[in-house]
Structures are given as C-alpha cells and as structure tokens.
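Below you'll find the structure, written out as structure tokens, and then a few comments.
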Amino acid sequence: MRIRRVLEQGSVGSDVTVAGWARSVRSGKGVTFIALNDGSCLGGIQIVVGPELHNFEAVARLGTGSSLSVAGKLVESPAVGQRFELVAATVTVYQDATPDYPLQKKRHSFEYLRSIAHLRPRTNTFGALFRLRSFLSQAIHQFFGERGFLCVHTPIITGNDCEGAGELFRVTTLDPAALSRAPGGVDYSADFFGRATGLTVSGQLEGELFALAFGDIYTFGPTFRAENSNTPRHAAEFWMIEPEMAFADLAADAALAEEFFRYLCRRVLEECAEDMEFFTAHLDRGLMERIGKVAGTKFQIMEYGDAIVQLQRAKVPFVYPVKWGVDLQTEHERYLTEQVADGPLFVVNYPREIKAFYMRGNDDGRTVAAMDLLVPKVGEIIGGSQREERSDLLQCRMVEMGIPPEGLWWYLDSRRWGSCPHAGFGLGFERLIMYLTGMENIRDVIPFPRTPRHAEF
RNA sequence: UCCCCAUUAGCUCAGUCGGUAGAGCAGGUGACUGUUAAUCACCUUGUCCGUGGUUCGAGUCCGCGAUGGGGAGCCA
C-alpha cells in the first residue's frame, strides 16, 4: 500500500504493508524508529521496530537509503510529530545502503545534488518538486481537455531552419568526419531526410495549421535550443505549452492565458498542499500567499506605449534606458508588475521591429498584436500574439526580415485558402514550475537537465 | 560568448599577518524503553581543483587552465 494512502485512509488497528526507502534510522536499546518514504508523499511514515523481531539487530543498523518493506499494525502514535505509526511485525530488507551512500541525513546544496541527479529524487525537495511537476503536467492536459482543445503532437525533427526562435540542433546521419571535409558545404540531399534537419525550437507553426482545422488546439512537448546560454533560466532541452485558437483575437488570447494561469495556481494550491507548504517553508516564505493572490486576481492590461511612459516616470534608476521602440528588460518588467500593477499584468501591442514575423500588424502600422504576461518576481512568463492571417502582409513581413518564404510554403498555404484570425501563446513548462515552487534554477526542475557541456545521466 | 565569484575531510563549511589544516554532520565503538535530520561520550578521515611562478617557506600571493555558481546577452 502506498504510504500516502495509509496516512490518508488508514484505520487504527488495521494490518498494512508498505515498501520504501529509509530516510532515517534511529536506534535506542529496546526500540528502533525508521522514517520510511516511498515517494508518494513528502512526510513518509514512522516504523516502530521492537527487539522481538528476529532480525532486529540487523534492522537497527540499517543505513539511510536502505530499501525495505514492512508489514505490521497501524497504531495511533503516542508521541508528537505524527498521527499514525506502523508497528512492524516483519521487516524485509531488500538492500542495505552502505555508509558511502551520497545522500546523508543533512542538508545538501543544490549544486551537489545536481552532480548526483540519479539519486536526488529521493530527497524531500526533489520528491516534492517532481510530484508537483507530474501533477502540473496532468492539470495542463485537463485544462485544455475540459475546454475542448485538441492535443496535437507536432514534430520533434523539423526541416524549418528559419523559425527565428534560436539555434537549431542538427539532426543528421552523415559521417561527422566527412561533414567537416566536405568541399563547398555539406550535401544534405544525401542525408537521411534528403535535406538539412534539426530538432524543433517551437511547435507553433505546425500548431497553427491544426488550429485552422480543429479550432482550438494545444501542444505540450519537448523543445530544443542550441544556444550557448549559461543561466539559471535556460536549458537546451525543455518543455513548452503552446495553445492556438482559430477565430480568436489578442483579447481572447489574453483571456485564455489568464484563465489558464489562474487555474494552474489554484490547482497546485488545492491539490499539492503538502508539497507547496514545504516549498514555502524552505525556499520562499511568500510563495503560497503570492500564488494564492494570483489565483484570485483579475489581471491588468497595459499598452506597451503606456508601459514606456510609466517606466520613464519611474523614480528608480534602470540599467537599460527606456524609450519607445526598445524591448523591455527584466528590470522593467518587474517594475511594471511589482510596482505599477502589484500583480500579474499583460503588456500588449509591442513595436513590430522587436517582435517575430508571424505577429499580426496593427492598423497604426508600427505595432503588432503581441502580448506578454508579466508576474511579480519573475517578469515575463507567457508570450503570445494574434497571428498575421493576411497572406500578402505576412509575405511582405517575411521578406523584410530576411526569411525566405519558399521554405515555409506550407505555412503560407494556410493563408491562401480559408485563412482566419487566430491567436496563441507559449509558456515554458520549467519556468512555470520555477514560478510555482520558488525554485531558482531551471536545472533543478528538470529530472535530468541538458545545458551546455552537460548531458550526463 | 562576456564580466564577477568560488573550488579545503564522504557532505556543509572555517582557516587571522605566508610558517605543513579543524569544526559540524556522516562513519566506528559504547551509553540510553519512544525517537523526530534523536541525544551523550570517545575515536577515525586530507592529491587544500590542476599547473607554473614568487619565497627560506604557499591552503594563503601572482600567471595560466579546468570545473562549478551568479550577473549580462539570447530567450521559454
């Protein structure tokens, strides 16, 4: 039986069997206590082992990390610290953990735990984190499923070289030695796909094609960027959520983003309470209050132009100067969401020069229908836009930005027949987890992170 | 990729003015009928990241390199 179920539904006096890993073994002369954890919940269960057990001596000497199963009777605990405890009738040891087990009964640094990423799921923090990650993943599918969105699996291997969202990882079966020797460039027509291919940097373009058939769709899958970014917010492999809605404008897009974000805040507070309390106590004292506030607040909307005015009026000094036309830096975003809005804030209608080719041009001729959702402590967490559905304007924009239209002929085809207004946004899954847990490094919210020079495990 | 910081026991860290290193935890032995990262007593543990230099002498100062972290850029 899973320990979580025992603690939630177990009745005093019942016989139960649990299996897990010892977090702590405390031995007195006549009694040994084992804190047993099976990953189903943060707390684990206290096992009481008495000297009448035939293997009491061996059990009393077990090390932290040992795997064992325990059959016994559930009783009310006479001591404070837990409601129930399990009085062992039999203890079966699968394997003792020797003293060289890298996880000790003490606090370890996140840096050290990263170096033993194969073992860190057995710690409190990473247990709570990966339970929350799993829950959140399912909640995202539920959110869209309940609203009739189609889940689409966009390709991971792509031939698009010009999505404009970062460096591509090459995918090839050509001999690396021959590649470097190729005179006058590599002949990709001889490659596996008969063309140059790479790992996807976004499923958006394919997502749009499905939105123009199914109406409301979303993707939730892995994404790859070969940027040499060494920061706590970047990974070479991460997961992204990208909904897309046909017959929707920017306002509808922002409304969906708000509903989505508040839904997820509410769900983790309600259903990951124990783990959220752990994060609040150990990582970020203001966490649950902040998430709760977001879950219950109507988000504000501000024009980019007004945001610039607000920033120019600000009494605080910014490292990066502000004027109409510049992109907002994290320091600007945080000022707007923390000082001006004091809560989540959409900034909409950005200058077209600083945004992607597919964003819909506004009538003023100098802005596009883009939106960023800014949240306190982080800055931008969601970026989206209404897409340019007018074929001629889209092609003009691609030419202006140096993107060869012929490479995206199929994308442009979607604007040839039955084009319609549509909009969508993207949310980095790991950044969402960081926001919801207070974890400050993306390498600590992915099971086995891939970053420059790191592909271990 | 650029800038800054760090690297000392299995882990977390201290190490003064340049004089061959020491705390806690872990581990070992013992004590304790109920502990909560148990407690108490005693004991063990070192390529001071590597490399070159300065010096009578370098964990400590200087150069180069490696690794890690933070900031910036890019972005999700």
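Throughout, a chain's letter reflects where its sequence line sits, starting with A, and its residues are numbered from 1. Just so it is clear, the structure is predicted and the values come from calculations on it, not from any experiment.
Using a 4.0 Å heavy-atom criterion, one finds that A:Ile442 contacts the bases of the nucleic acid, with or without backbone contacts as well. When heavy atoms are screened at a 4.0 angstrom cut-off, A:Ser27 is found touching base atoms of the nucleic acid. Here A:Ala35 lies out of heavy-atom contact (under 4.0 Å) with every strand. Here A:Thr32 lies out of heavy-atom contact (under 4.0 Å) with every strand.
Aromatic ring pairs are classed by plane angle as parallel below 30°, tilted from 30° to 60° and perpendicular above 60°; the pair A:Tyr304 and A:Tyr350 is tilted. By the 30° and 60° cut-offs, the orientation of the rings of A:Phe457 relative to A:His118 is parallel. A:His332 and A:Tyr320 have perpendicular rings, their planes meeting at more than 60° on a 0 to 90° scale where under 30° would count as parallel.
Inspection of the A:Glu242 and A:Ser202 side chains reveals an N or O donor paired with an N or O acceptor under 3.5 Å. A side-chain donor-acceptor contact under 3.5 Å links A:Thr231 and A:His234.
In this model, no side-chain donor or acceptor of A:Glu111 finds a partner on the base of B:U7 within 3.5 Å. Residue-to-nucleotide contacts include no donor-acceptor pair under 3.5 Å from the side chain of A:Glu227 to the base of B:G73.
Rounding to whole angstrom units, CZ of residue A:Phe33 and C1' of B:U35 are separated by 4 Å. Between the NE2 atom of A:His108 and the C1' atom of B:C11 there is a distance of 6 Å, rounded to whole Å. Rounded to an integer number of Å, the gap from A:Gln329 CD to B:C74 P is 6 Å. Rounded to an integer number of Å, the gap from A:Glu333 CD to B:C75 P is 12 Å. Rounded to whole Å, the distance from CG on A:Asn230 to C1' on B:G69 is 11 Å. Put simply, CZ on A:Arg114 is 19 Å from P on B:A6, counting in whole angstrom units. Rounded to a whole Å, the CG atom of A:Leu86 is 20 Å from the P atom of B:G34. The separation between A:Tyr320 atom OH and B:G73 atom P is 3 Å, rounded to whole Å.
Side-chain proximity of A:Tyr112 to B:U35, B:U12, B:G71: nearest is B:U12. Relative to the side chain of A:Ser229, the nucleotides B:G73, B:U1, B:G70 differ in distance, and B:G73 lies closest. Here B:G73 is the nucleotide among B:G73, B:U1, B:U12 with the atom lying nearest to any side-chain atom of A:His234.
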Per-residue pairing states of RNA chain B in dot-bracket (Watson-Crick or G-U under 3.5 Å; . unpaired, | other strand) read (((((((..((((.....[..)))).(((((.......))))).....(((((..]....))))))))))))....

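Within the 4.5 Å cutoff, side-chain heavy atoms of A:Tyr335 are placed close to those of A:Val340.
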Report the C-alpha distance between A:Phe220 and A:Phe429 in whole Å, list the side-chain angles of each, state the deciding distance to 0.1 Å, and finish with yes or no for ring-ring contact (aromatic ring centres under 6.0 Å, His included). CA-CA 9 Å; A:Phe220 182 8; A:Phe429 186 46; 4.9 Å; yes

Test A:Tyr218 against A:Phe143 for ring-ring contact (aromatic ring centres under 6.0 Å, His included), laying out the working first. CA-CA 11 Å; A:Tyr218 71 104; A:Phe143 174 86; 9.0 Å; no

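Between B:A58 and B:U16, the two C1' atoms lie 16 Å apart (nearest whole Å). Distance noted for atom P between B:A21 and B:C5: 29 Å (whole Å).
Nearest-nucleotide mapping onto RNA chain B: of A:Arg453 and A:Gln104, the residue sitting toward the 5' end is A:Gln104. Ranked by how close their nearest RNA chain B nucleotide is to the 5' end, A:Ala236 and A:Thr64 are led by A:Thr64.
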